[in-house]
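Below is one structure, written out as structure tokens; the observations come after it.
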Amino acid sequence: MKTEQQQDKRQQRLSPFIEIMDSTLRDGEQTSGVSFLPHEKLMIARMLLRDLNVDRIEVASARVSEGEKEAVKMICRYARQIDCLERVEVLGFVDGHTSVDWIKDAGAVTLNLLAKGSLKHCQEQLKKTPEQHIADIKAVVSYATGQSIGVNLYLEDWSSGMKDSSEYVYQLMDALVDTPIRRYMLPDTLGIMNPLQVIEYFRKMNKRYPDVHFDFHAHNDYDLAVSNSLAAALSGVRGLHVTVNGLGERCGNAPLSSVQVILKDQFNARTNIVENKLNDVSRLVESYSGIAIAPNQPIIGDNVFTQVAGVHADGDQKGGLYHNALMPERFGRRREYAMGKTSGRANIARNLQELGLELTPEQTQRVTKRITELGDRKEVVTQDDLPFIVSDVLKHDVDEDKVKLVSYQVSLAYGLKPLANVKVEINGYQYEGHSSGDGQYDAFVKALRKIYREYLDRTFPLLENYAVTIPPGGRTDALVQTVITWRKDDGRLLRTRGLDADQTEAAIKATIKMLNIIEK
């Protein structure tokens with residue numbers, strides 16, 4: 001038995017467990033311009049709890065608004081149904097009974113109490129002595145406990161407190177350590193710490209209070225939130241706070257996806273996170289928040305699993321020489337080989353192979369040359385463009401377009417739904433359809449769907465995403481680029497682009513391009 005216990009302790013030291021608390025719905029909503037509707041908060045909370053399996057979620061601040069309370073009620077009703085209500089937490093304040101009553105009325109059972117973790121905040125913001133503030137905190141904790149509300153305690157501005165008034169921090173902790181507070185959550189509120197300071201301060205806290213559960217809450221003002229989170233884990237912290245996509249006030253918080261992979265790969269820590277759901281929750285939050293994910297954002301960015309350099313594609317073909325532990329399949333994604341001026345024949349050949357296109361070495365070289373020319377002009381070249389480039393370069397005598405837009409007319413009138421009349425040629429036969437829609441392009445697509453359904457008895461891919469930008473590298477508003485993502489029947493995504501002076505025309509070009517890809 002003693003040997004088994006020793007092995008368990010050794011395993012815990014080698015592979016510690018770290019709680020993950022996501023604060024997207026509270027701290028993340030403090031991002032400038034971000035405000036989630038109650039049903040949006042519920043959808044995000046469901047994905048965090050059910051799919052991603054985050055240990056805890058902080059969903060709101062007490063007393064903010066009736067809309068905020070309604071959101072908390074919706075989330076708590078759902079959490080109660082799946083037996084994880086204690087994983088839902090609400091920020092409250094040292095305000096007597098007010099926050100506790102608000103949280104209880106909303107149906108939550110966990111209060112994250114915001115106290116002052118630095119002497120400067122205590123004296124200058126509250127205008128109170130440490131003794132007065134401690135008494136107020138104890139009164140709220142006592143009342144919450146009597147109402148069956150569990151309490152975690154934030155020491156706001158703890159990093160400044162340790163830096164400038166550590167004796168105040170210790171005074172606060174000494175007075176509260178024997179209360180029913182479950183966790184002490186230590187924030188770098190101003191984002192001023194570096195990893196060495198995190199290690200120093202946490203070692204002091206752990207040495208003085210070895211049995212206390214400490215969380216760390218990082219901010220990214222110096223771009224050190226992820227590094228500081230790792231440093232906290234190395235120093236024995238039991239919980240880390242994150243937000244989806246790094247949302248948060250000023251420069252944001254530590255991104256959930258980055259913290260997860262660093263904990264697992266660089267620290268050998270254990271969490272409950274389901275990694276192949278990270279991308280899904282990131283896209284959901286991106287959609288609701290309106291804050292776009294940077295293409296090069298680690299783990300979740302559009303480009304992070306896309307190789308461009310030809311030498312990388314060649315190395316991957318010869319034994320995965322350019323792979324690391326961050327394999328795209330781990331996160332429900334796949335590796336892609338984009339094409340540009342640095343691609344080289346190996347990259348082009350790999351994309352051709354995935355499409356099932358077999359070319360001679362001479363033909364591959366000619367296609368590579370054309371893609372290089374496009375790359376010099378900053379054109380975006382995707383795998384979906386390849387069949388068209390191949391057709392153009394090899395100058396086939398047979399017209400490869402199996403779907404042609406013969407004519408179309410879209411109309412827009414005030415107070416009426418837009419109308420579209422469309423005539424297309426598919427495999428040599430012409431078809432005509434008309435429909436109304438919520439917009440000119442929507443009417444056009446509905447008319448096409450009608451043709452495919454009524455005349456061809458075939459399904460039409462679902463529109464997954466629609467984005468309009470100026471062309472890559474562009475410096476003018478003369479042209480727009482429409483990028484449309486489609487989901488085919490087999491679940492695979494297909495992305496096509498159209499370029500035109502008119503946004504609707506660009507979208508129509510991208511649509512016809514998609515249909516040709518499917519026909520071929």
Under 3.5 Å, is there a donor-acceptor pair between the side chain of K488 and the main chain of L494?
no

Cationic N near anionic O, under 4.0 Å, D265 to R330
yes

Heavy-atom distance under 4.5 Å between the side chains of L190 and S159, does that happen here?
no

Assess whether side chain to side chain contact (heavy atoms under 4.5 Å, CB included) is satisfied between V198 and L234, documenting all intermediate values.
CA-CA 10 Å; V198 172; L234 289 168; over 6 Å; no

Please check if the side chain of Y184 supplies one atom and the backbone of M173 the other of a donor-acceptor pair under 3.5 Å.
no

Counting N and O atoms only, with roles assigned by atom type, does the side chain of N206 sit under 3.5 Å from a partner on the main chain of S235, one being a donor and the other an acceptor?
yes

Spatial distance of atom CG (N152) from atom OG1 (T110) [nearest 0.5 Å]:
6.5 Å

Give a yes or no on whether Y222 atom OH has more than 12 heavy-atom contacts from other residues, nucleotides or ligands under 6.0 Å away.
no

Closest heavy-atom pair and its distance - L114, Y154
CD1-CB, 3.7 Å

Work out which heavy atom in V151 is nearest to a heavy atom in A144; give both atom names and the distance.
CG2-CB, 3.7 Å

Begin from the C-alpha positions of V59 and K41 and carry the test side chain to side chain contact (heavy atoms under 4.5 Å, CB included) through to its verdict.
CA-CA 8 Å; V59 299; K41 280 199 166 191; 5.6 Å; no

Over all atoms of both residues, closest heavy-atom pair of G161 and V169
C-CG2, 3.8 Å

Could you tell me if the side chain of C251 sits less than 4.5 Å from the side chain of D223, heavy atoms only?
no

What orientation do H97 and Y143 show, parallel under 30°, tilted 30 to 60°, or perpendicular over 60°?
parallel

Are more than 12 heavy atoms, taken from residues, nucleotides or ligands other than Q125, located less than 6.0 Å from that residue's CD atom?
yes

Which atoms form the tightest heavy-atom contact between N253 and N220, and what is the distance?
O-CB, 4.4 Å

Ignoring hydrogens and angles, tell me if any N or O in the side chain of R80 forms a donor-acceptor pair with the backbone of G107 under 3.5 Å.
yes

On a heavy-atom basis, the closest approach of T31 and G248 is OG1-N, 2.7 Å

Do side-chain atoms of S227 reach the backbone of L224 as a donor and acceptor pair under 3.5 angstrom?
no

Run the side chain to side chain contact (heavy atoms under 4.5 Å, CB included) test against I293 and tell me which residues pass, sequence neighbours left out.
N245, S282, R283, E286, Q297, I300

Pairs meeting criterion salt bridge (charged side-chain N to carboxylate O under 4.0 Å, His left out) with involvement of residues 102-112, two or more places apart
K69-D105

Decide yes or no for L263 and I20: does some side-chain heavy atom of the first lie under 4.5 Å from some side-chain heavy atom of the second?
yes

Listed by chain and number, what are the ring pair (Phe, Tyr, Trp, His ring centres under 6.0 Å) partners of Y168, not counting sequence neighbours?
none

For H241 and D27, does a side-chain donor sit closer than 3.5 Å to a side-chain acceptor?
no

Rounding to 0.5 Å, atoms CZ (F214) and OH (Y201) come to a distance of 15.0 Å

Could you go through E68 and S61, starting from their C-alpha distance and side-chain angles, then the distance that decides it, and tell me whether this counts as side-chain hydrogen bond (donor to acceptor under 3.5 Å, both in side chains)?
CA-CA 8 Å; E68 194 83 334; S61 297; 5.2 Å; no

Would the distance check show the side chain of Q197 and the main-chain N or O of N194 forming a donor-acceptor pair, the cut-off being under 3.5 Å?
yes

Classify the ring geometry of W158 against F202: parallel below 30°, tilted from 30° to 60°, perpendicular beyond 60°.
tilted

If the condition is side-chain hydrogen bond (donor to acceptor under 3.5 Å, both in side chains), which residues does D22 pass it with, not counting sequence neighbours?
T24

Point-to-point distance, once rounded to the nearest 0.5 Å, from CD of E200 to CE of M162:
7.5 Å

Which residue pairs pass the salt bridge (charged side-chain N to carboxylate O under 4.0 Å, His left out) test with at least one member in residues 174-197, sequence neighbours excluded?
E19-R183, D174-R208

Got a donor-acceptor contact below 3.5 angstrom from the S229 side chain to the A225 backbone?
yes

Is there a side-chain contact between L172 and P130 (heavy atoms, below 4.5 Å)?
no

Going by salt bridge (charged side-chain N to carboxylate O under 4.0 Å, His left out), name the pairs with one or both residues in residues 139-165, residues two or more places apart or in two chains.
K116-E156

Less than 4.5 Å apart, side chain to side chain, heavy atoms only: is that true for S148 and V109?
no

NZ-CD distance between K120 and Q123, expressed to the nearest 0.5 angstrom
11.0 Å

Should I299 and L326 count as side-chain neighbours, where that means a heavy-atom distance under 4.5 Å?
yes

Can you find a heavy atom in the side chain of L49 that is under 4.5 Å from one in the side chain of V88?
yes

Within the 4.5 Å heavy-atom criterion, are M21 and F216 side-chain neighbours or not?
no

List the steps and the verdict of side chain to side chain contact (heavy atoms under 4.5 Å, CB included) for I44 and I57.
CA-CA 10 Å; I44 294 171; I57 57 172; over 6 Å; no

Backbone N or O of F36 within a donor-acceptor pair of the E29 side chain at under 3.5 Å?
yes

For residues D215 and R238, report the shortest heavy-atom separation together with the two atoms involved.
OD1-C, 4.3 Å

With distance as the sole test, does S15 use its side chain to make a donor-acceptor pair with the main-chain N or O of N268 at under 3.5 Å?
yes

Value for CZ (R56) from CG (N272), rounded to nearest 0.5 Å, stands at 12.5 Å

Backbone of T485 reached by a side-chain donor or acceptor of R495 within 3.5 Å:
no

Under the side chain to side chain contact (heavy atoms under 4.5 Å, CB included) criterion, do S99 and V140 qualify, and how do the steps go?
CA-CA 9 Å; S99 286; V140 174; over 6 Å; no

Rounded to the nearest 0.5 Å, what separation is found between the CG atom of L113 and the CZ atom of F93?
9.5 Å

